[in-house]
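To start, the structure itself, in structure tokens.
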Amino acid sequence: MAKTSMTGWLALGVALALGASAAQAQTAPIKIGELNSYAKQAAFTVPYRDGWRLAVEEINAKGGVLGRPIEVISRDDGGTTGDATRVADELVTREGVSLLFGSFLSNVGVAMADYANQKKIVYIAAEPLTDAITMAQGNRYTFRIRPNNFMQVGMLVEQAKASGAKRWAIVAPNYEYGQSAAAVFKRLIKESVPGAEIVAEQYPALGKIEAGATVSALEQAKPDGIFNVTFGPDLTQFVREGNTRGLFEGKTVLSLLTGEPEWLLPLKDEVPEGWIVTGYPWDEITEPKHKAFVDAYRAKYNDTPRLGSLLGYMVLYMIRDTIERAGSTDTDAIIKALEDAKFDTVAGTVTMRGIDNQSSMGAWVGKLVLKGKSGGMSDWKYNDGTSYMPSEAEVKAARKD
Amino acid sequence: MSLLAVERLNKAFGGVVAAHDVSFAVERGEMLALIGPNGAGKSTVFNMIGGQLPPDRGAVLLEDKAITLASPQERFRQGIGRTFQIAQAFHSMTVCENVQMALISHHRESRAIWTEARQHHRRDALDLLSQVGMAEAADRSCSVLAYGDVKRVELAIALAGEPKLLLMDEPTAGMAFRERAALMDLTHSIARTRRIGILFTEHDMDVVFGHASRILVLLRGEIIAAGSPAEIRENAQVRQAYLGNAPALTGAP
Amino acid sequence: MDLSFVAIQALNGLASASSLFITACGLTLVFGVTRIVNFAHGSLYMVGAFTAATLVPWMLELWFGPVSFWLGIVISALIVGLLGVVIEVLLLRRIYGAPELFQLLATFGIVLVLQDLVVQIFGPQDILGPRAPGLRAPVEILGRRFPSYELVLIAAGPAVLAAVWFVLRKTRFGTLIRAATQDREMVAALGVNQALLFTGTLFLGAFLAGLGGALQIPRVAANTGMDLSIIAECFVVTVVGGMGSVPGAFLAALIIGQLQAFGILIFPKSTLVVVFLLMAVVLAIRPYGFFGRPEILGGTHAVGIASRKPMARGTLLATIGIVLLACLPLIGDPYLLKVATEILVFALFAFSLQLLIGVGGLVSFGHAAFFGLGAYGSALTVKWLGAPMEAAFPAGLLLAALGAALIGAFVVRLSGIYLAMMTLAAAQILYAIAFQWVEVTGGDNGIVGVWPSNWVAGRSAYYLLTLALTVITVLFLKKIIESPFGYALRAARDSEPRAEAIGIAVRQQRWLAFILAGAGAGIAGSLYAFSRGSVDPSLLGIPTSVDALTMLLLGGIQTIAGPLAGSAVLHILRDQIMPLTSLWRLFLGLSIIGMVLVFPRGLVGTIRQWGEDRA
């Protein structure tokens with residue numbers, strides 16, 4: 001193949017040698033394609049890569065799957081839809097991977113879902129949370145492991161009921177993920193808290209929050225509760241300004257993902273205590289299988305796991321199970337092995353619901369507390385995703401297939 | 001009817017008066033020199049006639065037709081050609097293409113997209129170039145020409161529009177001494193044979209007194225004298241206010 | 001809206017304005033003296049933040065107190081200043097002789113390199129800096145709490161303004177900077193050591209960028225997205241204020257700060273677009289910003305396509321090339337065909353930009369606008385009218401041409417860097433529309449399911465279609481370049497006064513060029529949409545415009561083959577480097593910088609120059 005490519009480039013009038021040479025192993029490995037925004041979203045994706053690498057190592061040490069080792073061919077998706085689909089195409093047509101997984105940003109995930117549908121290859125969305133991937137833009141070939149926006153917001157809103165807060169303010173990044181989470185929140189809060197109203201909404205551009213002005217604007221609306229979707233640098237700015245100006249005092253704050261170490265650690269000792277969040281209290285989970293993962297991870301990387309680490313690890317094991325059950329790497333067999341299948345994972349039993357290809361993986365919900373010099377979660381509970389998933393009727397109404 | 005009539009042009013920049021009630025006329029076939037010390041307002045007057053600068057007050061008439069506020073393009077169409085103090089030619093083109101470009105515009109073909117520019121009016125362009133003595137350089141790039149040659153090309157460009165009036169801002173600036181005389185002789189003969197009126201500014205007094213039919217003297221935005229070279233040379237006011245050093249009038253600078 | 005709220009919001013705006021001014025001030029100084037549009041200025045700001053977020057806590061460990069904090073901030077800024085010197089000495093100094101646009105290309109390379117270096121040096125995680133000792137507690141203003149550090153920031157802007165004013169007015173270095181800003185040739189003629197002046201200016205500019213970044217650490221966690229989030233706003237500030245004008249930058253920053261603080265109250269999603277709207281409005285009214293001045297005539301000549309003898313056997317070679325390309329499906333695998341299709345699409349895109357830059361001398365930083373309009377025009381036709389590809393192509397072309405006509409009408413009144421920035425603003429406004437108007441455009445998910453008709457659904461067929469349309473469009477544009485229209489456009493580029501004096505209606509000519517170039521980019525956009533099956537706002541984004549510029553400049557703006565070669569090289573580089581390493585930005589950036597150094601006229605231009613030198 002390398003040779004034909006070479007001729008091809010020459011035909012283009014460019015003499016750049018291709019270095020593509022697939023070393024032939026004695027037993028050909030099962031190739032799995034992976035793509036993610038390693039350069040642009042390093043905070044989440046680098047631990048995530050460490051997670052799946054750990055899993056690959058473990059699996060191959062135990063003889064791989066179907067008697068063959070697993071080889072993950074990983075690429076940077078550039079963080080844009082154009083780059084992602086091109087890279088995916090390279091993985092599928094050049095490398096001949098059996099399935100694809102990965103991606104971070106929601107809009108890239110949606111583009112990948114469409115790509116999977118068009119090229120009839122299985123794509124497992126690891127991180128993107130937007131509902132669209134399993135609902136309106138969902139298709140037979142696209143699966144998602146993480147609980148989506150609808151599920152995570154549902155878990156948070158449940159907590160909001162107890163607080164009694166009625167006047168809500170929303171702050172969310174202005175792109176697919178933030179808008180989708182805000183929309184779900186508006187709907188669910190009105191359904192579950194009678195008389196709830198949205199008194200202020202702020203949608204700063206991703207990575208460009210004007211935190212002072214945003215905090216003042218929210219404060220001016222005098223909400224009892226705040227729903228936050230910002231993450232990363234926007235979150236740290238928002239928290240600092242909000243803390244200084246006393247925005248959060250006496251208010252219920254619901255916040256998506258803030259309990260995940262990747263977003264919590266940068267806040268250091270300025271953790272906004274009392275926020276109700278979804279997250280990952282890895283240090284307090286005692287369940288043996290999970291603890292074994294945490295220990296192995298810490299031993300290998302000399303670093304604490306992030307949620308991304310767990311996710312990367314879990315996704316790879318689920319892929320192994322799938323291929324094992326499918327008995328081959330044929331796409332239809334893989335889909336069959338995934339749909340409505342139960343997986344025994346580090347985070348407990350997870351079912352891949354067949355009608356929308358959304359897994360029942362749950363999330364840890366708890367309150368933020370300061371533990372020494374950094375934040376953690378208290379009063380947390382693992383909520384299995386099953387009871388928070390969108391109803392079957394809703395799924396059927398939203399999906400085109 | 002004068003070829004060009006300039007009536008009471010006024011222009012001020014902030015508080016500085018650059019032109020005050022400037023009036024004069026240019027006749028066909030004459031070479032009128034506009035002189036004055038630096039900052040006298042020559043360029044301002046020139047640019048108001050060329051359309052680069054709108055006057056605050058006053059009028060510019062070409063053959064009795066007001067063109068005071070017309071754009072440079074419109075003036076070109078009315079029959080005004082010009083050369084610039086720092087020669088402006090199209091450096092990325094060959095000498096011949098420079099002139100062809102002017103002919104293309106003159107024939108209103110500059111929106112044509114289906115033909116090759118190089119094929120347009122080449123013969124006419126070569127004709128014009130031979131008039132200014134540049135025919136041999138026709139296919140050289142304009143960017144490699146000596147400055148004096150660029151000035152000649154510029155003259156050919158200006159003539160391509162078949163102008164009635166030619167504005168030449170410092171036509172010999174930056175040229176070697178011998179080139180100057182040659183260029184002005186050439187200009188003079190063109191003005192005579194084509195009955196073109198020429199208005200020019202110039203620093204070189206030899207050029208002015210050797211070639212101008214009439215001279216206007218501008219000082220602080222006002223015309224203080226007008227007349228034949230002989231009259232100007234004898235004008236006491238000019239000597240006093242502008243020249244100061246009388247030898248400059250008779251000898252070489 | 002009560003008074004105290006308005007006051008607090010105004011203070012919020014002032015604090016943002018100060019930060020923005022300090023950074024943008026450096027950009028405007030560097031531009032004024034060196035005429036380099038430094039895209040890496042935002043990267044220097046980011047390095048300043050990372051350095052301070054690492055250095056200041058360490059210094060506070062040693063001795064806790066305000067002195068350590070502020071000293072740490074200044075040291076960080078100095079380090080960034082030195083980085084600026086390194087960039088100047090190692091890179092920019094070697095290419096001052098090259099056309100100014102190539103220095104721009106080199107700064108693109110620096111942006112990429114610094115992005116990866118920052119991750120390598122400081123790690124992937126955001127770094128939250130310490131709060132300033134003594135300024136942790138808020139102050140009460142009209143019954144509302146306001147961070148005391150923000151008050152310090154509000155004072156810092158005018159303080160920097162005063163300091164810069166002092167340097168510019170009272171030191172010899174400052175006098176030279178001002179002189180160079182007004183007339184670069186004059187300073188050179190006066191025998192001033194230009195290299196030293198430029199190095200000093202780069203130091204000052206980088207120092208200010210670093211200071212701007214370092215001052216952010218108590219409010220913003222140092223993160224790897226900071227460079228791109230600040231640079232666009234810095235451009236807006238410098239352009240609105242007038243390039244090279246420090247007071248102008250200050251005024252512009254004040255206005256932008258207030259617009260953002262109050263804009264989000266009226267339209268909470270406005271942060272994306274409000275600054276670009278401001279820039280578009282200001283430039284429409286004042287073509288040189290608040291205090292900018294027209295460029296002095298007769299300076300450096302615009303570079304671009306020049307007349308030369310037709311290459312011997314050029315037609316034959318081109319025909320052979322096209323035939324070889326048409327044979328590619330016989331030997332290439334599907335992925336190669338996909339890459340080749342993209343190369344052709346982007347070659348066409350870059351080529352359409354060539355008509356503006358190489359022929360018209362009109363540097364557009366927002367060419368993605370027309371590419372995106374073409375793509376969206378097609379996608380919207382498919383989505384809302386259910387039209388087939390055959391109808392969607394003309395629709396894309398039409399929308400792009402209409403957009404170009406509208407944008408061009410505003411743009412052609414401007415010149416130089418202001419023109420470039422107006423196109424950037426236009427593209428950003430379109431980007432915001434595509435992003436916000438979710439009901440029609442699908443927001444940032446864009447529109448999916450834009451697949452070609454059956455007869456070209458196969459990779460090979462679509463590749464051949466792309467090849468055919470690209471060849472036809474390129475030949476058409478080439479014909480235009482050689483036509484009287486193209487010559488008149490070039491005439492206006494070479495000398496605007498001369499062109500006007502021979503009766504060329506320069507603005508109309510340029511406006512038509514915009515429409516033609518827009519239509520060309522529109523075809524490329526439509527082809528791209530169908531090759532990917534989807535469109536999304538990133539097609540209209542700054543990176544897409546930068547891509548087109550990079551390809552064009554890499555290939556060379558003096559030649560017709562330049563953009564075609566540039567597109568192939570950039571794509572292949574990316575395609576080869578991205579799979580090899582996660583440090584692809586570092587290598588891509590280094591490759592670009594290397595090519596700028598080795599091929600200062602672009603690949604094709606330099607190679608041809610070599611050939612001519614040998615002959």
Side-chain angles (χ1 to χ4, degrees), chain A residues 1 4-5 7-9 11-14 16 18 38-40 42-43 46 75-76 80-82 85-87 89-90 93-94 107 110-111 114 118 132 137 174-176 179 201-205 207-208 210-214 216-217 220 232-233 236-237 240-241 244-246 265-268 270, chain C residues 5 8-9 12-13 15-16 115-116 119 124-128 138 145-147 150 219-221 223-225 229 260-261 264-265 268-269 271-272 321 324-325 327-328 331-336 338 340 342 443-446 448-449 451 532-534 536 538 568-569 572 576 578-579 582 584-585:
Chain A
M1 195 164 81
T4 51
S5 323
T7 331
W9 292 126
L12 279 166
V14 180
L16 256 182
L18 270 178
Y38 293 110
K40 287 189 184 154
V46 170
R75 297 278 188 265
D76 197 301
T80 65
T81 52
T85 47
R86 195 188 66 243
V87 165
D89 218 35
E90 191 244 348
T93 54
R94 269 269 153 89
N107 53 340
V110 170
D114 187 58
Q118 192 68 22
Q137 305 289 347
N174 188 7
Y175 82 108
E176 170 64 21
Q179 285 161 2
E201 291 171 69
Q202 282 298 322
Y203 297 95
K208 290 189 187 177
E210 289 288 328
T214 304
S216 303
Q220 176 66 6
T236 43
Q237 265 191 83
R240 259 210 175 157
E241 289 288 337
T244 315
R245 296 167 192 240
L265 288 174
L267 285 171
K268 295 186 182 159
E270 293 184 35
Chain C
F5 174 61
I8 291 287
Q9 207 65 345
N12 287 329
S16 303
Q115 275 176 340
D116 264 353
V119 175
Q125 191 164 291
D126 302 346
I127 304 177
L128 185 65
R145 279 190 234 165
F146 190 78
E150 309 264 301
R219 353 161 51 206
V220 183
N223 67 81
T224 50
S229 68
Q260 285 183 331
I264 61 166
L265 301 176
K269 294 175 177 173
T271 38
L272 267 181
L324 283 177
L325 284 174
C327 293
L328 191 65
I331 45 171
D333 67 3
Y335 178 66
L336 177 69
K338 170 145 179 140
E342 275 193 18
D444 63 336
N445 284 342
V448 294
W451 295 105
R532 256 180 52 184
S534 65
D536 64 76
S538 70
V569 167
I572 291 166
Q576 294 302 300
M578 272 177 83
S582 56
W584 60 272
R585 291 184 298 192

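Just so we're on the same page: letters track the sequence lines, and every chain starts at 1.
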| query | How many angstroms lie between CD in A:Gln202 and CG in C:Leu265, if you round to the nearest 0.5 Å? | reply | 7.0 Å
| note | Residues C:Asp444 and A:Tyr175: closest non-hydrogen pair is OD2-CB, 3.1 Å
| message | Using heavy-atom distances under 4.5 Å, tell me whether C:Ser229 contacts chain A through its side chain, its backbone, both, or neither. | response | both
| task | Determine the minimum heavy-atom distance between C:Gly449 and A:Asp114, stating which atoms define it. | result | N-OD2, 3.8 Å
| Relative to chain A, which segment of C:Gln115 carries a heavy atom at a distance below 4.5 Å: side chain, backbone, both, or neither? | neither
| request: Among the options C:Ala261, C:Pro138, C:Gly225, pick out the one with the most heavy-atom pairs lying under 4.5 Å from chain A. | output: C:Pro138
| message | Apply side-chain contact (heavy atoms from CB on, under 4.5 Å) to residues C:Ile8 and A:Arg245 and explain how you reach the verdict. | response | CA-CA 11 Å; C:Ile8 291 287; A:Arg245 296 167 192 240; 4.0 Å; yes
| remark: The interface call for A:Ala211 against chain C, heavy-atom contacts under 4.5 Å, is neither
| remark: Residues C:Leu128 and A:Pro266: closest non-hydrogen pair is CB-O, 3.0 Å
| query | Looking at C:Ser16, C:Ala15, C:Pro334, which makes the most heavy-atom pairs under 4.5 Å with chain A? | reply | C:Ser16
| query | Under 3.5 Å, side chain of C:Gln9 to main-chain N/O of A:Ala213, donor-acceptor pair present? | reply | yes
| task | Side-chain contact test, heavy atoms from C-beta onward, threshold under 4.5 Å: evaluate it for C:Gln125 versus A:Leu265 and give yes or no. | result | yes
| query | In terms of heavy-atom pairs under 4.5 Å with chain C, which of A:Gln237, A:Lys268, A:Arg240 leads? | reply | A:Arg240
| message | Quick check for you: among A:Val110, A:Val46, A:Thr81, which has the greatest number of heavy-atom pairs under 4.5 Å with chain C? | response | A:Thr81
| Where on A:Glu201 is there a heavy atom nearer than 4.5 Å to chain C: the side chain, the backbone, both, or neither? | backbone
| remark: Max heavy-atom pairs within cutoff under 4.5 Å with chain A, candidates C:Val448, C:Asn445, C:Ile127, goes to C:Asn445
| Contact leader toward chain C among A:Thr85, A:Asp89, A:Leu267, where contacts are heavy-atom pairs under 4.5 Å | A:Asp89
| If you count heavy-atom pairs under 4.5 Å with chain C, which of A:Asn107, A:Asn174, A:Thr236, A:Asp76 comes out on top? | A:Asn174
| query | Taking all non-hydrogen atoms of both residues, which atom of C:Tyr335 and which atom of A:Arg86 are closest, and how far apart? | reply | CE1-O, 3.6 Å
| field | Criterion side-chain contact (heavy atoms from CB on, under 4.5 Å) on A:Glu210 and C:Asn12, from CA distance to verdict | value | CA-CA 9 Å; A:Glu210 289 288 328; C:Asn12 287 329; over 6 Å; no
| message | Could you tell me if the side chain of C:Arg585 sits less than 4.5 Å from the side chain of A:Lys40, heavy atoms only? | response | yes
| query | Which is it for A:Thr214 and C:Ile264 under the side-chain contact (heavy atoms from CB on, under 4.5 Å) test, yes or no, and what are the steps along the way? | reply | CA-CA 8 Å; A:Thr214 304; C:Ile264 61 166; 4.0 Å; yes
| At a heavy-atom separation under 4.5 Å, does C:Asp126 approach chain A through its side chain, its backbone, both, or neither? | both
